[in-house]
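Both counts, for ligands and for their atoms, begin at 1 and track the order of listing. Excluded from the calculations below are hydrogen atoms, water molecules and symmetry mates; all remaining heavy atoms, backbone and side chain alike, are included.
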Amino acid sequence: MKSYSLLIDGAPVTAQASFESEDPFQGKPWALIPRATAQHVDAAVEAAYRALHQGPWSGFNATQRGALLRRLGDLLAEHSETLASTEVRDNGKLLSDMRKQLSYEPQVFYYYAGLADKIEGSLLPSDKADILNFTRHEPVGVVAIITAWNAPINLLAKKLAPALAAGCTVVVKPSEHASASTLELATLIEKAGFPNGVVNVVTGFGDEVGSPLVSHSKVSKVAFTGSENTGKRVYELAARSLKKVTLELGGKSPNIVFPDANLENAANGVVAGVFAASGQTCIAGARLLVHRSILEEFSERVKSVAAGVRMGNPMDLDTELGPIANRQQFEKIRQYLDIARSDGAELLLGGKRAERPECGDGLFIEPTIYARGDNQMRIAREEIFGPVLVIIPFDDDEQAIAIANDSPYGLAAGVWTNDMRRMVHMSGKLQVGTVWINTYRAVSFMSPFGGYKASGIGRENGREAIYAYLQTKSVWLSTATNVPNPFIMR
Ligand code: NDP
């Protein structure tokens, strides 16, 4: 089995214990992941703290930091095939999808490399005589980066790149279910030329590694992607020492289809929105809101596209739907299929483990659709994080908006229409961080991404994201030749 090490203070570190990571297609363990302890966390944070305040990194200017980020982007491109195949084995991601993703990921590093030396303070107008007042943007400190298992490199890149561009140092903790690609990426950090301690990686379990990391007194900020419940726990832990946080959490996003839309495009968009990555994306369009006048016709259309999806070995380039990434998630989805059954949901497609020959012993779930659902059903309110779609009818625009917004989440929404007035109206009324019109799942490092309501706090991607890793200092400089009366506020 492949065996990995932690990265602490620039050196590979072996943990005394390790745990197995399972290949979800083969259904067998394939790698040994180090099981770090609170002592490893402490060593990693101390190394990051030293690197921030004493090491060469603290003297680097923003252009130099940008050059290292660019080099890391290049290395990511050079090692993309290893990273892609690691993710396929560890996480069941499709090789075709990972190749595409990894050809894009270096751009995230190039973008923030370029932004690093374009962060400018301001010279402010002053209402006081003989005063020069200006602002500086300084790194927020040591950042704890905690990621979910569904897209480890992508979730890491959009935190790591702006954090390093801002001049922070980091300690990364990936999910216990998918740590291998992050540990592979860790081997590129030194090659890129980052000084020791700037990037550290500790792997292990949430309570053994995640909690001590979030609670550590020398961590100033937590950048987290994960579920709503863990996000709340992390927020509470971080609040005890008033750490800054960004939280990218779950979703139950609506895809809203109006009769005037191009229905063929809409059906493809809906299927891609919920079944891509086997539904294991935070932005999965898991609620399909369809105008009642086209309910039957459109439901059948979506069913027919979904029924034709090719399942199988994620290494095969023509596979469209791979396995569920880990056994725990597989069981969770099956529980939701039971809940749907006992709640009387009307099954249109799937609803069970896939037992097709091409799926072997892998952890596959059939693409599943429930027809004529109700927004109050558990399968319509809770995040399943699997290939499960519930169709909900609506009668007019206002009702579509009301149903879409009647959710604890607010990550994203899709709207399918050719009516320009409706496009503008809907985009203003939907309480979500991203609205897609006549498309779905379009994301870019250039465009802010994040959630309303229980879907999170703060934004990633785009220029805005770097400010989550900076703090503003206001500097007052007196040019007066004599000190005025000290007992009167200036
Ligand atoms: P979890 O919330 O279970 O875990 C997320 C991370 O938190 C993991 O690294 C986990 O470690 C860690 N963790 C667990 N307990 C603690 C703790 N007490 N303190 C600190 N860290 C802890 O999420 P999943 O990994 O299951 O990911 C799926 C979720 O992520 C879904 O809800 C999905 O919507 C969301 N997500 C959101 C995205 C967004 O951008 N909004 C993007 C992608 C996913 P361990 O695995 O070891 O338990």
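Remark: ligand 1 and Ser227 share an N or O pair separated by less than 3.5 Å (distance only, no angle test). Between Glu228 and ligand 1, no pair of N/O atoms sits closer than 3.5 Å. For ligand 1, one of its N or O atoms has an N or O atom of Lys173 under 3.5 Å away. Close N/O approach between Ser211 and ligand 1 is found [any backbone or side-chain N/O within under 3.5 Å]. Considering backbone and side-chain atoms alike, Asn150 places every N or O at 3.5 Å or more from each N or O of ligand 1. The shortest N or O to N or O distance between Gly204 and ligand 1 is under 3.5 Å. Ligand 1 has no N or O atom lying under 3.5 Å from any N or O atom of Phe385, backbone or side chain. Between Ser455 and ligand 1, no pair of N/O atoms sits closer than 3.5 Å. Looking at Thr147 next to ligand 1, an N or O pair under 3.5 Å apart turns up.
Relative to the six-membered ring of Tyr49, Lys218 meets both conditions, a distance below 6.0 Å and an angle of at most 45° to the axis.
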message: Checking Glu382 against Lys252 for the salt bridge (charged side-chain N to carboxylate O under 4.0 Å, His left out) test, could you report, in this order, the C-alpha distance in whole Å, the side-chain angles of both residues, the deciding distance, and whether it holds?
response: CA-CA 7 Å; Glu382 298 172 18; Lys252 193 77 192 177; over 6 Å; no
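Only side-chain heavy atoms of Val234 come within less than 4.0 Å of ligand 1; its backbone N, CA, C and O stay farther off. Contacts between Pro174 and ligand 1, counted as non-hydrogen atom pairs separated by less than 4.0 Å, involve the backbone only. The part of Ile146 lying near ligand 1 is the side chain, judged by heavy-atom distances below 4.0 Å. Looking at Glu383 against ligand 1, only its side chain comes within 4.0 Å, counting heavy atoms. Of all the heavy atoms of Leu249, the ones lying under 4.0 Å from any atom of ligand 1 belong exclusively to the backbone.
Atom 30 (O) of ligand 1 has its nearest heavy-atom neighbour, among Ser179, Gly210, Gly226, in Gly226. Of the listed options Glu208, Glu176, Glu236, Glu176 places a heavy atom closest to atom 45 (P) of ligand 1.
Taking atom 7 (O) of ligand 1 as the reference point, the nearest protein heavy-atom neighbour is Phe224 CE1, 3.2 Å. Scanning the protein heavy atoms around atom 27 (O) of ligand 1, the nearest turns out to be Ala148 CB, 3.1 Å.
A side-chain N or O of Thr246 and one of Lys221 form a donor-acceptor pair less than 3.5 Å apart. Side-chain contact annotation: Thr230 with Ser227, donor-acceptor N/O pair under 3.5 Å present. For the 3.5 Å distance criterion, the side chains of Asn255 and Arg287 fail to qualify, holding no donor opposite an acceptor. The closest side-chain donor-acceptor pair between Lys243 and Ser241 falls under 3.5 angstrom.
Proximity to Phe449 (heavy-atom distance under 4.0 Å) selects the following atoms of ligand 1: 40 (O). For ligand 1 and Thr230, the ligand atoms under 4.0 Å from any heavy atom of the residue are 1 (P), 2 (O), 3 (O), 7 (O), 13 (N), 14 (C), 15 (N), 16 (C), 22 (C). Interface atoms of ligand 1 facing Phe205, defined by a heavy-atom separation under 4.0 Å, are 47 (O). Near Gly250, meaning under 4.0 Å from one of its heavy atoms, ligand 1 places the atoms 32 (O), 34 (O). Counting atoms of ligand 1 from 1 in the listed order, those under 4.0 Å from a heavy atom of Trp149 are 24 (P), 25 (O), 26 (O), 27 (O). For ligand 1, the atoms lying closer than 4.0 Å to a non-hydrogen atom of Ser175 are 8 (C), 9 (O), 46 (O). Heavy-atom contacts of Cys282 reach the following atoms of ligand 1: 34 (O), 36 (N), 37 (C), 38 (C), 39 (C), 40 (O), 41 (N), 42 (C), 43 (C), 44 (C) (cutoff under 4.0 Å).
Taking the six-membered ring where the residue is Trp, the centroids of Phe445 and Tyr104 are separated by under 6.0 Å. Tyr452 has its ring centre no less than 6.0 Å from the ring centre of Tyr409.
Contact check on Lys100 versus Asp97 returns no salt bridge, with no Lys/Arg side-chain nitrogen under 4.0 Å from an Asp/Glu carboxylate oxygen. Between Arg353 and Glu366 there is no salt bridge, since no side-chain nitrogen of the basic residue lies less than 4.0 Å from a carboxylate oxygen of the acidic one. The pair Glu320-Arg310 counts as a salt bridge, with a side-chain nitrogen and a carboxylate oxygen less than 4.0 angstrom apart. Note on Glu176 versus Arg35: no salt bridge recorded, every NZ/NE/NH1/NH2 to OD/OE distance being 4.0 Å or above. A salt bridge does not link Lys232 to Glu236: none of the charged nitrogens lies less than 4.0 Å from a carboxylate oxygen.
Remark: distances from the non-hydrogen atoms of Gly231 to ligand 1 are all 4.0 Å or more. Not a single heavy atom of Asp207 lies less than 4.0 angstrom from ligand 1. Using a 4.0 Å cutoff on heavy atoms, Gly456 does not count as a contact of ligand 1.
Applying the side chain to side chain donor-acceptor pair (under 3.5 Å) test to Gln101 and every residue at least two apart in sequence or in another chain returns nothing. Residues that satisfy the ring pair (Phe, Tyr, Trp, His ring centres under 6.0 Å) test with Trp30, not counting sequence neighbours, are absent from this structure.
With hydrogens and angles disregarded, a donor-acceptor distance shorter than 3.5 Å links the side chain of Lys159 to the backbone of Leu155.
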